[in-house]
Amino acid sequence: MLWIIMTKEFLEKVLTLRFFVALILSIVLTIVSVVVLSEDYAQEFADYHLRTQMHAETSNEQLIAVDRKPSILTALFQGITKGAARSVRLLIGFQPKIIETIDDNPFSVLFPTVDLTFIIGIVMSLLALLFAYDAVCGEREMGTLALIASQPIKKPMLILGKWLGGYFSLILPCSVGWILGLLILSMHPHIQLSVTDWSALGLIIVGALLYLACFFALGILISTLTTRPSTAIVVLLFLWTLFVFVIPNLSPNLAKTFSPIPSFSTHSHEMTLAQTEVEHQRQRWHDAVALEVIDKRLTWADGKKLLLNIEARSTSAQDKTLSNIIQAYHRKIRRQEQIASGIAALSPYACFTFFTTQLAASHFENDAKFIAATERFENEYFADTPSYFQTLVSPGEGTEKSFFFYTEPTIPERLKLALGPLSLLLLYTGLCLIGGYAAFMRYDVKS
Amino acid sequence: MVWLIAKKEIYDNWQSHKIILTFALCIILLMMSVWLGLIDYSERLLGYNLTRNANTFASVGKPALTYVFFDEAGKLNPNSTTRAASIVNLIGIYRRPVGLSILARGLEDRMNRPVRLFDVLGGYTATIDTSNSQEKNKLFVLFSPPDFLFVVKVVLSLLTILFTFSAIAGEREQGTLQLMLSNSVSRGQMLLGKFLGGYLSIVIPFLVAVLIALFLLARDPLITFGGENWLRILLLLITSLAYIALFFFIGLYISALTQRAATAAVLLLAIWVILTLVVPNVGWLVAKQVVRVPSQQQIDTEKFKTAREIEDDAERSKPSGMFVPGYGKFHPEVQPQIEEARQEIEERYAKLRQKRLRLSQIVTRFSPTGAYVHAATGLAQTSIEDEEFYHSQLVQHKTQLDATIKETFALLQKPEKQPLIYQNLPQEPRALRDRLVKINSYEGGTVRNIIQNELSFTFDLLSLPRTLNAIWLDLSLLVLWLGFSFVFAMLAIMKCRVRQ
């Protein structure tokens, strides 16, 4: 009997216009997005090679640059890829400095890029609601629900059958899009998917299935709570707007009111003041040297040593002061980000975004990880290298050292971080399912 | 009769709680966005004022330093008299945050970033550097904060669809359409009545929320809007109302065409996804495929290679002892030549970029949402055109500053022009000491004054006529969309079936 209800539910959905619309949207959007984004990735990869070459040519034993290799997953699930650090410059005695790249695309600010997170998170969740909104109240209105209920079938079986049948009919058009997208990806001449990529993709698909299940269950819940489909769709779209556009988008600003940090201009003002202070110090040192040169009638060779010494002292003092300020500022930003993530996690859409970006290594924590890794490497690499100003005074012999290539976190590491959002998604889905079940138990099937 | 239908529509909408939901969403969203926008704006303004005042004394990074050295015999050596390169490092040249950006953020963040004008390794050429992507809460990148523009663009257009999808198809299903038309009412009158009733049901909650939000905005002491800004807000409001109306007509059109309300809802949501979310985003992708511009990295590499070639040539003719980390061998005398070559490369690609930008604007305009976003950001002074205007002013500013700095240093370096500095330096230590202290303060003072004067530079904003000139196409496209959707809705209603 369960099987009959499932097939009925499935076939009923498959033969409708909405199935056709879902299929077309899913296929077209996924294919276009995969083609364009993999093209972008190929470009990004070529850029990465150019960058490493340029950095190799300008490196010496005091200065090197570490580049982060782009990955196809970050191209498909962009996360914060646009604002992430691509290369870090390491100069002996200095904090790692991010080499900024200029973003020449004003459109990405006005209209966000359509990546796979967008397609699944926004478009497909909307489809999930469209598949679910009239599942219960629509049938009640037509009177068929009372007919089915008059059959020898228990109510739990009935709702389970409806749930499973409807869910499979939703998954079908979505997965057709995903499979085609994966096919295109695997046939791309310049893209080689590694085992890590495949497993991350597999896990993301599991997350996407859960996310769609969550919205589908929400749809069934609301459909059971209302008596007319037109009310159900209004309520559902209201909730959808809340979850997809309102809660996540308000979260950073709300976090800002809870944990305020000075704006960047205030912060840079603070930096300028500190820098000026160091500059005055330097000036005083220089004056002292100039007077010493005059008093002792030093030659250029001797004076140069004194000067370089000052340069070394003042630059490292400046770097230390500035990096302390910057680090304190970054700590504040991290805290705000955590609060904002907490608020955003109320929405399944944000949970799904966090889940995919953690697995695709495009989460903002990955950016911080990369910079921290370069910092550790710097301390190790320059442990026994004389500083720049030292070598100017007495040039030493450079020794060959093994270079460092940043590797992204492994799948178990990523999965560990993605478990939080995943369990929240499970929780939301479970709540909607239980709510839907409870509401259906006491639902009046008569029209 | 028209009014009767309109009233019926309004009561219908009240009953289905649509109006309450709309009220709740509009008021919560618009008030939140203005309230949070004001907090954010006050922070940005504070930062701007701080930096602006600070610039006057902190901007000159390293004033000129004079060193005097002696030869082996203890005599003053004029050739060894050297000076550390003055690095003019101006952090934080800011454009004043635009008040209207609270309503439509647009590209405001890109224009609020501090601009660093710094020299190229001892050459005195200022370089515009506008990047500091690391210094903010990264969740803003992931989820952009909702402003008035976003609320209208996404939320209100969606609500409009909710109000319209069952307007014709639903009534036909219930059989009430036939009853209504059996009265002495023409189909045109019915369309008008339905439009008035439905449109007012959305627009009244929206306008109430907007008035509250604008009241919040006007009450804030930070906001000192003149007449022009209020006119811009009025225009923005009218544009938004037109945008909502055109979605309303699209909704009526589809609702009249389809047999069942559920079908209309599905079709309309698909159209909504395509018009508001997909087409505007595709603009850039299409333009990128048509106008091929090398990536920033490729351009940077080309610049780097050119610079290296020039430096290598200089190295062959006159070896230099200077090695700069991250740059390589360094020759001060070829720096102007390198800068020229760099600029030439930059200009070559700037034209291509411009072309790409224009094309993507054209493609995004195919969707009413694209046209609406361009128009609204234009009115809020945060559009692409505003950014271009801002950049042109920066370049102008940079050229001026460049010329002044060059002039000053040339003056200081000419032997006959520097009686105070290098000429006739006394051999006697104490006299030399006194002179040196004077020289240092003199030079630092000069440079500082020059920079101070240059910093009084303020950025202009596009005036209303120029804004209108930039967005007239978007406005007329919106009107065109409105007209077409009205005509189509009219035609569909004229020929639609009324029986169940």
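In what follows, chains carry the letters A, B, and so on, assigned in the order in which the sequence lines appear, proteins first and then strands, with residues in each chain numbered from 1. Keep in mind the model is a prediction, meaning the values are calculated, not measured.
- Proximity to chain A (any heavy atom under 4.5 Å) is restricted, for B:E387, to the side chain, taken from C-beta onward.
- With chain B as partner, the option from A:V114, A:L50, A:T113 having the largest number of non-hydrogen pairs under 4.5 angstrom is A:L50.
- Heavy atoms closer than 4.5 Å to chain A are found nowhere in B:S166, neither backbone nor side chain.
- Heavy-atom distances place no part of B:A104 under 4.5 Å from chain A, backbone and side chain included.
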Would you please test B:R105 and B:D40 for salt bridge (Lys or Arg N to Asp or Glu O under 4.0 Å) and show each step?
CA-CA 11 Å; B:R105 195 67 179 247; B:D40 182 62; 3.0 Å; yes
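- Residue B:T382: no heavy atom, backbone or side chain, is found under 4.5 Å from chain A.
- Heavy-atom pairs under 4.5 Å with chain B peak, among A:R51, A:R18, A:Q336, at A:R51.
- Nearest heavy atoms, A:A340 versus A:S251: O-CB, 3.5 Å.
- Contacts between B:T377 and chain A at a heavy-atom distance below 4.5 Å involve the side chain alone, from C-beta outward.
- Taking A:D40, A:T16, A:I24 one by one and counting their heavy-atom pairs under 4.5 Å with chain B, the maximum is reached by A:D40.
- Only the side chain of B:I274 comes within less than 4.5 Å of a heavy atom in chain A; its backbone stays farther off.
- Residues B:F150 and A:F245 place their aromatic rings such that the two centres sit under 6.0 Å apart.
- In this structure, the portions of B:L21 lying under 4.5 Å from any heavy atom of chain A include both its backbone and its side chain.
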